[in-house]
Amino acid sequence: MKQLLSRWIFAIKQFFVKLNDTRAAKVFFAVVRKIKAHTEIQAILLSVIITFFLEMCGRQAMGNAFVYFIGTSPFMFLMNVMIVLLTMCVAFFVPKKTFALSVASVVWITLGTINRIVLSSRTTPLSAIDFEIIKSAVDVIPAYLSPVQIGMIIAAAVIVIALLVLCFRFTKKRKSNYPMAILFSGIVTTVVLSFLYLTLNTELFATDFRNLPRAYRDYGFAYCFTASILETGIHEPMDYSPSEIDKLKDRLEAVEDDENQETPDIIVVQLESYFDLNLMKNVRFSKNPIPVYTELMENYSTGKIKVPALGGGTANVEFELLTGMSLDFFSAGEYPYTAILKESTCESMAYNLKERGYATHAMHNHKGTFYDRHLVYANLGFDRYISVENMEPLEYTPRNWEKDGVLADQIIKCLDATEEQDFVFAVTVQAHGKYPTNRRSFYRHLRADRREGETKDERMRRHQMEYYANQVYETDLFIGDLIEKLEKRNKPTVLLLYGDHLPALDLSEDDLTDGNLYQTDYVIWDNLGWEKEDKSMNCYQLSSHLMERLGFSNGIITKYHQVCEEDDFYYENLGVLEYDMLYGKRYIYNQKEIPHQPTDLQYGLDEVVITDVVSGQDGVITVTGENFTSHSKIFINEDKQNETVYLDEHTLTLSEQWLEEGDVIRVGQVATEVAELNSSEEYIYLPPWKRK
């Protein structure tokens with residue numbers, strides 16, 4: 001083996017010796033020496049290569065990167081190269097130039113790789129805001145990546161870090177040419193910053209980030225990702241002034257709200273990745289995947305809504321529905337929940353209904369901290385938030401998403417828990433991606449028809465469709481169960497159902513009969529005898545439309561949609577209102593502060609109670625009480641016991657632990673390692689012989 005290896009090394013050495021004798025080889029090696037001697041040339045070449053790599057990752061093919069971007073938009077490709085080059089400029093000023101170039105390259109390559117992984121799980125590309133919600137993303141990584149893939153990513157990260165350490169250790173220091181470095185860096189910085197200012201703050205260049213996947217295709221990854229870092233919130237409109245707001249205010253104040261309208265219970269359910277699969281052109285199923293929803297659309301008010309998300313971004317659709325505000329006016333890839341609503345209240349459907357005496361409940365059968373809902377809902381006017389940490393019994397899909405059936409009873413419990421009328425906003429999760437491409441073991445309510453002569457890719461797509469359709473079918477069963485329970489209550493009720501976005505199934509316009517990827521269905525069920533009224537609209541208009549059907553008009557945004565929808569500058573003035581209410585001077589309120597106070601948000605519907613604690617001689621602690629769930633953890637003197645075992649809603653146990661007199665015990669409902677939503681009152685432990 002050693003002899004064979006020696007022969008190969010000798011052969012390679014001889015090849016380069018012979019190559020060096022040719023004229024072409026001499027020119028080649030001269031160019032290589034020139035590149036090695038000039039950091040500027042290295043930075044430019046690396047920037048071109050990395051930019052091409054970023055586009056290849058974002059477009060999922062080398063040909064697409066060249067033909068659809070470099071070939072059609074050479075100017076934007078150049079600007080993306082310049083943005084990458086700007087990050088390389090630090091190498092001109094430090095002694096270890098190769099190391100600095102390597103670090104900058106690794107950062108961009110890592111971002112491009114993450115973007116590729118993200119696009120395989122959802123349609124929306126990577127943006128800066130994704131790093132703000134990273135704690136939520138960590139919790140769901142196992143649903144998207146297998147343990148082997150996670151292991152490979154960790155191994156790759158370790159290898160890259162090790163190589164960077166070696167690079168720093170062994171690369172030689174080189175003297176910097178500071179005048180040239182300052183001149184070169186100054187030119188690059190001026191060009192990049194000027195371009196970013198002109199595109200982000202003026203109308204000289206048309207840059208539209210409302211459709212983020214299309215923006216990344218049109219303008220490139222480096223530019224869009226940088227814009228998502230620099231751009232936050234809503235830009236101040238050019239015509240923003242007290243006089244403009246006063247004009248809008250005069251129109252809205254002319255509308256008087258009727259306080260004598262009937263106040264039925266109102267339930268709004270946002271259905272995760274839910275859409276009418278019967279709109280698919282080339283996929284047929286053994287039976288209708290959504291029989292209940294289909295019947296509802298045939299007999300009750302329905303229509304299409306335009307949504308701001310595809311394959312992900314649930315919280316942004318939720319934001320539009322609850323606030324009546326359009327996401328179009330926010331910056332690229334932004335989530336208002338994390339950008340503004342963690343710190344500031346906002347007029348919402350919940351606040352408006354509270355003015356009419358409604359109790360307001362939010363509900364989600366997934367982690368309560370996802371998208372920081374446990375913080376945001378208090379600023380949207382909700383009194384109570386019931387998340388998966390306070391729900392039982394739970395069932396899970398093969399992809400480990402919570403099934404939606406648990407929500408029907410939870411919604412009814414909310415309606416029965418208060419004496420006043422209730423507004424319940426619920427978000428489902430069962431139909432969430434990623435969808436398996438192989439035949440997984442799960443109960444099949446229906447099957448996707450197999451096409452003769454299908455390829456491997458077609459078979460994998462069929463498996464995805466079949467899995468997704470079966471999850472949607474079970475969500476449809478939940479809808480039927482909920483309506484049956486509402487009918488039994490026999491109380492005035494309105495139920496709004498809508499899909500938040502199309503699923504992450506790599507769909508195209510050609511796959512759908514209506515040809516629209518940013519459109520879902522809604523339906524309004526009622527037992528008030530409403531006449532069927534079909535109407536399509538934007539998602540941000542839907543809550544105002546529902547309020548209008550109810551005869552309600554309180555709330556600035558609600559009135560605006562109801563009164564000004566036919567105005568010539570309806571859309572533009574909506575942006576002015578959004579800026580004023582969230583980021584501006586609040587002229588519409590006649591004050592600098594929003595007149596809504598955060599609610600004292602209560603987590604869970606039923607109080608967690610400890611009735612007894614027993615510390616056995618065998619080292620087993622048994623805590624009995626009420627309303628425990630599989631997310632309950634025992635705390636001993638404020639130390640969380642992760643080994644807590646959930647037996648049932650009345651019993652928790654802990655092994656290999658002994659209690660001492662005076663130890664403080666409580667049970668907390670834990671969402672993540674750093675977030676505890678609610679807990680029982682403290683229980684002071686006493687040995688049995690010291691109890692009364």
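Residue numbers start at 1 and run along the sequence shown.
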Open item on the list: The criterion is salt bridge (Lys or Arg N to Asp or Glu O under 4.0 Å); which residues satisfy it with E484, sequence neighbours excluded?
Closed with: K488
Open item on the list: Less than 4.0 angstrom from a charged side-chain N to a carboxylate O is my criterion; do D481 and K485 meet it?
Closed with: yes
TODO: Ignoring hydrogens and angles, tell me if any N or O in the side chain of Q270 forms a donor-acceptor pair with the backbone of D500 under 3.5 Å.
DONE: no
- [ ] Enter the distance from L582:CG to E347:CD here, rounded to the nearest 0.5 Å.
- [x] 10.0 Å
TODO: Supply the atom-to-atom distance T520 OG1 to Y498 OH, rounded to the nearest 0.5 angstrom.
DONE: 9.0 Å
Open item on the list: Pair Y646, F628 - check ring pair (Phe, Tyr, Trp, His ring centres under 6.0 Å), show working.
Closed with: CA-CA 8 Å; Y646 168 77; F628 300 155; 8.0 Å; no
- [ ] State whether the number of non-hydrogen atoms from other residues, nucleotides or ligands found under 6.0 Å of K491 atom NZ is greater than 12.
- [x] no
TODO: Output, in order, the C-alpha distance, side-chain angles, deciding distance and verdict of side chain to side chain donor-acceptor pair (under 3.5 Å) for N678 and N390.
DONE: CA-CA 9 Å; N678 57 307; N390 287 285; 3.1 Å; yes
- [ ] Would you please name every residue forming a salt bridge (Lys or Arg N to Asp or Glu O under 4.0 Å) with K633, sequence neighbours left out?
- [x] none
Task: Distance, nearest 0.5 Å, that separates CG of L322 from CG of N352 - done: 10.5 Å
- [ ] Would you indicate whether E343, at its atom CD, is surrounded by more than 12 heavy atoms from other residues, nucleotides or ligands within a distance under 6.0 Å?
- [x] yes
Open item on the list: Walk me through whether N288 and T294 qualify under side chain to side chain donor-acceptor pair (under 3.5 Å).
Closed with: CA-CA 9 Å; N288 185 0; T294 300; 3.1 Å; yes
Task: Charged N-O contact under 4.0 Å between R444 and E466 - done: yes
Task: N-O pairing of K640 and E676 below 4.0 Å - done: no
Task: Closest approach of L528 to P492 (non-hydrogen atoms, all atoms of both residues) - done: CD2-CB, 3.6 Å
- [ ] Provide the full list of ring pair (Phe, Tyr, Trp, His ring centres under 6.0 Å) pairs with a residue in residues 466-494, sequence neighbours left out, each pair given once.
- [x] Y435-Y468, F442-Y467, H445-Y473
Task: Candidates T418, T360, T599 - the one meeting side chain to side chain donor-acceptor pair (under 3.5 Å) with D383 - done: T360
Open item on the list: Using side-chain heavy atoms (C-beta onward) and a distance below 4.5 Å, is R373 in contact with E318?
Closed with: yes
Open item on the list: Taking side chain to side chain contact (heavy atoms under 4.5 Å, CB included) as the definition, give me every residue that meets it alongside E419, ordered by chain and number, with sequence neighbours left out.
Closed with: none
Open item on the list: Test of understanding: with salt bridge (Lys or Arg N to Asp or Glu O under 4.0 Å), list the residues that count as partners of D276, not counting sequence neighbours.
Closed with: none
TODO: Of all the heavy-atom pairs spanning S344 and N379, show the shortest one and how long it is.
DONE: O-CB, 3.4 Å
- [ ] Might you point out which heavy atoms bring L486 and I412 nearest each other, and give the distance in Å?
- [x] CD2-CD1, 3.8 Å
Open item on the list: Just checking E395: does its CD atom have more than 12 heavy atoms from other residues, nucleotides or ligands closer to it than 6.0 angstrom?
Closed with: no
Task: Derivation and outcome, side chain to side chain contact (heavy atoms under 4.5 Å, CB included), residues C346 and L380 - done: CA-CA 6 Å; C346 176; L380 285 174; 4.3 Å; yes
- [ ] Provide the closest heavy-atom pair for G233 versus S331 in the form atom of the first, atom of the second, distance.
- [x] O-OG, 3.0 Å
Open item on the list: Check for me whether the distance between the ring centres of F319 and Y335 falls short of 6.0 Å.
Closed with: no
Open item on the list: Quick check on E420: does its CD atom have over 12 non-hydrogen neighbours (other residues, nucleotides or ligands) under 6.0 Å away?
Closed with: yes
TODO: Give a yes-or-no answer on whether the side chains of S630 and E392 include a donor-acceptor pair shorter than 3.5 Å.
DONE: yes
TODO: With sequence neighbours left out, write down each residue that passes side chain to side chain contact (heavy atoms under 4.5 Å, CB included) with S655, or none if nothing qualifies.
DONE: V620
- [ ] Grab the two heavy atoms, one from V429 and one from E402, that are nearest each other, plus how far apart they are.
- [x] CG1-O, 3.2 Å
Open item on the list: If I take atom OG from residue S680 and atom CD1 from residue I610, how far apart are they, to the nearest 0.5 angstrom?
Closed with: 3.5 Å
- [ ] Assess the pair F382 and Y377: is the distance between their ring centroids shorter than 6.0 Å?
- [x] yes
Open item on the list: Angle between ring planes, H432 versus W401, binned at 30° and 60°: parallel, tilted or perpendicular?
Closed with: parallel
TODO: Could you grab the distance from atom OG1 of T644 to atom CD1 of I634, nearest 0.5 Å is fine?
DONE: 4.0 Å
Open item on the list: Using 30° and 60° as the class boundaries, would you call the ring planes of H366 and F370 parallel, tilted or perpendicular?
Closed with: perpendicular
TODO: Salt-bridge test for K403 and E474: reply yes if a basic N is under 4.0 Å from a carboxylate O, no otherwise.
DONE: yes
Open item on the list: Using every non-hydrogen atom in the two residues, find where L550 and P264 come nearest and quote the distance to one decimal.
Closed with: CD2-CG, 3.6 Å
Task: R356 to F552, cation-pi by 6.0 Å centre distance and 45° axis angle - done: yes
Open item on the list: Within this structure, what is the OG-CD1 distance for the pair S615 and I621, rounded to the nearest 0.5 Å?
Closed with: 5.0 Å
Task: Side-chain donor-acceptor pair present, S387, E389, cut-off under 3.5 Å - done: yes
Task: D404 and N365: CA distance, side-chain angles, deciding distance, side chain to side chain contact (heavy atoms under 4.5 Å, CB included) verdict - done: CA-CA 7 Å; D404 297 333; N365 57 324; 3.0 Å; yes
- [ ] May I have the step-by-step check of side chain to side chain donor-acceptor pair (under 3.5 Å) for S632 and Q669, ending in yes or no?
- [x] CA-CA 5 Å; S632 298; Q669 305 302 96; 2.7 Å; yes
TODO: Take D476 and Y274 through the side chain to side chain donor-acceptor pair (under 3.5 Å) test and state the conclusion after the steps.
DONE: CA-CA 9 Å; D476 196 70; Y274 192 93; 2.8 Å; yes
